[in-house]
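Note sheet for the following structure.
Bear in mind that the values here come from a model prediction, so they are computed numbers and not experimental data. Because only heavy atoms are used, hydrogens play no part in the values below, and waters and symmetry mates are left out as well, while side chains stay in. To find a chain, count down the sequence lines: A is the first, B the second, and so on, and within it residues start at 1.
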Amino acid sequence: DVKVTQSSRYLVKRTGEKVFLECVQDMDHENMFWYRQDPGLGLRLIYFSYDVKMKEKGDIPEGYSVSREKKERFSLILESASTNQTSMYLCASTTNRDRVPEQYFGPGTRLTVT
Amino acid sequence: AQSVAQPEDQVNVAEGNPLTVKCTYSVSGNPYLFWYVQYPNRGLQFLLKYITGDNLVKGSYGFEAEFNKSQTSFHLKKPSALVSDSALYFCAVRDGGTYKYIFGTGTRLKVLA
């Protein structure tokens with residue numbers, strides 16, 4: 001069974017802290033994505049990576065960075081957490097072996113910044 | 001620019017009745033369209049996708065979607081709703097020129113017993 005896992009289901013951090021969210025997939029997928037989900041706004045793409053050490057900004061990259069040192073792992077970093085980064089964060093992956101692949105999602109991390 | 005719209009924030013339907021969740025799209029090339037479902041406190045699960053060919057696409061859990069090019073729509077349907085179908089549903093389109101996927105704002109489906 002294919003799997004995308006995220007390091008935490010729930011996380012509470014303080015304003016100004018550096019926050020790491022980790023995502024691991026076991027499907028040997030080339031592409032990985034980080035989204036944030038907010039009510040009424042749907043999913044918004046923060047960053048995606050199409051290969052190890054490669055990354056591209058999504059629609060809302062400000063305040064975030066990413067790291068992809070290994071194919072299976074894609075980390076999202078909040079350099080200095082702020083209250084407006086309180087959200088649900090979803091990781092996803094896709095394969096290049098399919099011409100139009102569907103995304104496989106992790107269970108999400110609900111981050112609260114106080 | 002590619003976009004999708006889900007005009008209804010919430011849809012209520014009685015158990016056993018047919019359900020429809022609406023999605024319209026705007027793309028510059030061939031539309032690659034997807035439906036996902038999200039149960040409470042879970043990630044999104046893939047239901048079905050349209051690439052080309054038959055306008056009626058069948059997917060998981062008895063869901064299907066009808067692609068209509070002239071109306072630029074891709075509505076999700078099920079002949080007989082179950083209470084367990086209650087969830088948040090997202091329509092998405094693949095940006096053909098990139099790896100990106102663009103999601104609608106979601107429609108909450110409530111199936112009433």
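- Hydrophobic clustering (ILVMFWY, side-chain heavy atoms < 4.5 Å, transitive): A:Val66 and A:Leu45 are in distinct clusters.
- For B:Ile51, the part lying under 4.5 angstrom from a heavy atom of chain A is the side chain only.
- Linking ILVMFWY residues whenever their side-chain heavy atoms come closer than 4.5 Å, directly or via other members, places B:Val37 and B:Val13 in the same cluster.
- Cluster annotation: A:Ile77 and A:Leu21 are assigned to distinct hydrophobic clusters (Ile/Leu/Val/Met/Phe/Trp/Tyr, side-chain heavy-atom contacts under 4.5 Å, transitive).
- In the hydrophobic clustering of this structure, A:Val4 does not group with A:Leu111; members are Ile, Leu, Val, Met, Phe, Trp, Tyr whose side-chain heavy atoms approach within less than 4.5 Å, directly or through other members.
- When hydrophobic clusters are built by joining Ile, Leu, Val, Met, Phe, Trp and Tyr residues whose side-chain heavy atoms come closer than 4.5 Å, directly or via intermediates, B:Phe103 is grouped together with A:Val100.
- For B:Ile102, no part lies under 4.5 angstrom from a heavy atom of chain A.
- For residues 62-84 of chain B, a heavy-atom distance under 4.5 Å to chain A picks out no residue at all.
- With a 4.5 Å cut-off on non-hydrogen atoms, A:Leu43 touches chain B through its backbone and its side chain both.
- In this structure, the portions of A:Pro101 lying under 4.5 Å from any heavy atom of chain B include both its backbone and its side chain.
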Write out all chain B-chain A donor-acceptor pairs shorter than 3.5 Å, or none if the list is empty.
residue	atom	partner	partner atom	Å
B:Tyr32	OH	A:Arg99	NH1	3.3
B:Tyr36	OH	A:Gln103	N	2.8
B:Gln38	OE1	A:Gln37	NE2	2.7
B:Gln38	NE2	A:Gln37	OE1	3.0
B:Asn41	O	A:Arg9	NH2	2.2
B:Gly43	N	A:Pro107	O	3.4
B:Lys49	NZ	A:Asp98	OD2	3.1
B:Lys49	NZ	A:Val100	O	2.7
B:Lys49	NZ	A:Glu102	OE1	2.9
B:Lys100	NZ	A:Asp59	OD1	3.2
B:Tyr101	OH	A:Pro101	O	2.6

